[in-house]
Protein chains: 2
Amino acid sequence: MKKTCAHKHAEKKQELSSLTGRLRREAHKITSPRAAILEILRHHAHPLTNKEIFAELPKGECDLATIYRAMQLMEELGMVKRFDFGDGSARFKLVGEGDESHHHHLICTRCAEVVEIGECFPEEIERRIARANGFTGVTHRLEFFGLCPGCQK
Amino acid sequence: MKKTCAHKHAEKKQELSSLTGRLRREAHKITSPRAAILEILRHHAHPLTNKEIFAELPKGECDLATIYRAMQLMEELGMVKRFDFGDGSARFKLVGEGDESHHHHLICTRCAEVVEIGECFPEEIERRIARANGFTGVTHRLEFFGLCPGCQK
DNA sequence: AAATCAGTTGCAAACGATTTGCAATTAAAT
DNA sequence: ATTTAATTGCAAATCGTTTGCAACTGATTT
Ligand SMILES: [Mn+2]
Ligand SMILES: [Mn+2]
Ligand SMILES: [Zn+2]
Ligand SMILES: [Zn+2]
């Protein structure tokens, strides 16, 4: 595992108030565990596993199950995006209010370093595939895997 | 779930002898469970879960754990390809001897119908991403999701 | 501020996919 | 037929994730 974050992100941390506001708006409570989780997510640029979030939390601050429930809720509210890197555990990242930013990742198969990939293949390809097969609402999941510079030995 | 197979594949079932040969070649035994598993894979065009394979097997023919072990072994030998559709269980499909056939799938999020997608985005994109980040041996995972014609109601 | 009530939490048990330890079994070579 | 390493069935163990439930707490109403 790398110590440094090779992730270059626009450093626009969302206002905590904007986040809590979204919860409140939907008749949900701003509890201590949720506030703590949001604080952690706000400070991390790339997707975290629930276990990672748990590890960053002060010891007795919040139960693991609560984190699972929080991420589930916030995913439904569109506050976080779920990632599946195929390693068995889901990862989550905060999503800005209007911030759609469709993007993908390049993941090192040895150290799990994650690099943000802004680029995507031409939309035309997806449209053609959808039409050719009569599917609607077609989306895609795309991740790249390889050996990062540090792991090539 | 659909009854009919919407999958159009080249119907070139591999010779059983070619498959068993590959096992033997690596100092592995052709056991009754393995033969039965291969028979099933040979007759299915798209990826099956271990549980699905198990279900098609005559009752006491083979243990589930044995199927897991067989798929693991055959994946290492390059005889099957593993798919991750993101629904929690791995799927496997036979791979021909020389048959590399890189391709993707379009999966219905309601009925799980799977359509083979031969096309892929321009290799140039992947090369550029690899180079730009200093990664080597870069591959990708790409699946499409949407509503199939039958599920659009 | 005290009462109220729906939404939350901690904890432990439940889950589903996958893996593993181990003694009994079996394919393949001698 | 004998020998031996590979393989299997079965049960228990893992691991990420979910859930039931009684105790708790944030937000709202008196
Ligand atoms: Mn990222
Ligand atoms: Mn297929
Ligand atoms: Zn994309
Ligand atoms: Zn591709």
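Quantities reported herein were computed from a predicted structural model and do not represent experimental measurements. Note on naming: letters A, B, ... go to the chains in the order of the sequence lines (proteins, then strands), and numbering restarts at 1 for each one.
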Picking from D/dG26, D/dT17, C/dG10, the nucleotide nearest the side-chain atoms of A/K29 would be D/dG26

Check this one for me: any side-chain N or O of B/S32 less than 4.0 Å away from OP1 or OP2 of C/dT26? no

Considering every strand and a 4.0 Å limit on heavy-atom distances, what is the contact class for A/R34: base, sugar-phosphate, or nothing? sugar-phosphate

Any A/Y68 side-chain nitrogen or oxygen under 4.0 Å from OP1 or OP2 of D/dT17: yes

Are A/F83 and A/H105 an aromatic pair, judged by ring center distance below 6.0 Å? yes

Classify the nucleic acid contact of B/A90 as base, sugar-phosphate or nothing, counting any heavy atom under 4.0 Å across all strands shown. sugar-phosphate

Identify whether the distance between the nearest side-chain nitrogen and carboxylate oxygen of A/E123 and A/R127 falls below 4.0 Å. yes

Whole-Å gap separating C1' (D/dT17) and CD1 (A/I53): 14 Å

When rounded to whole Å, the CD1 to P distance for the pair B/I30 and C/dA29 reads 11 Å

Whether A/Q72 contacts D/dT17 is assessed here as follows: a side-chain N or O lying under 4.0 Å from the phosphate OP1 or OP2. Is that the case? no

First of B/T31 and B/T49 reached from the 5' end of DNA chain C, by closest nucleotide: B/T49

For D/dG9 and B/T66 - does any side-chain N or O of the residue sit under 4.0 Å from the phosphate oxygens OP1/OP2? yes

Take the protein atom CZ of B/R91 and the nucleotide atom C1' of C/dT18, then report the distance between them rounded to whole Å. 15 Å

Taken to the nearest whole Å, CZ/A/R82 to P/D/dT17 is 8 Å

Could you state the atom-to-atom distance from CZ of B/F54 to P of C/dT18 in whole Å? 14 Å

With respect to the phosphate group of D/dT17, does any side-chain polar atom (N or O) of A/S89 fall under 4.0 Å of OP1 or OP2? no

Closest approach to the side chain of A/H28, judged atom by atom: which nucleotide of C/dC11, D/dT8, C/dT8 is it? C/dT8

Do the side chains of B/R128 and A/E119 get close enough for a salt bridge, i.e. N-O under 4.0 angstrom? yes

Does A/E75 come within less than 4.0 Å of A/R82, counting only side-chain N to carboxylate O? yes

Taking any heavy-atom pair under 4.0 Å as a contact, classify B/E61: base, sugar-phosphate, or nothing. sugar-phosphate

Once you round it to whole Å, what is the distance between C1' of D/dC10 and CZ of B/R69? 9 Å

Separation of atom CD1 in B/I67 from atom P in D/dC10, rounded to whole Å: 13 Å

Are any non-hydrogen side-chain atoms of B/I67 and B/D63 less than 4.5 angstrom apart? no

Expressed in angstrom and rounded to an integer, what is the separation of A/D63 atom CG from D/dT18 atom P? 14 Å

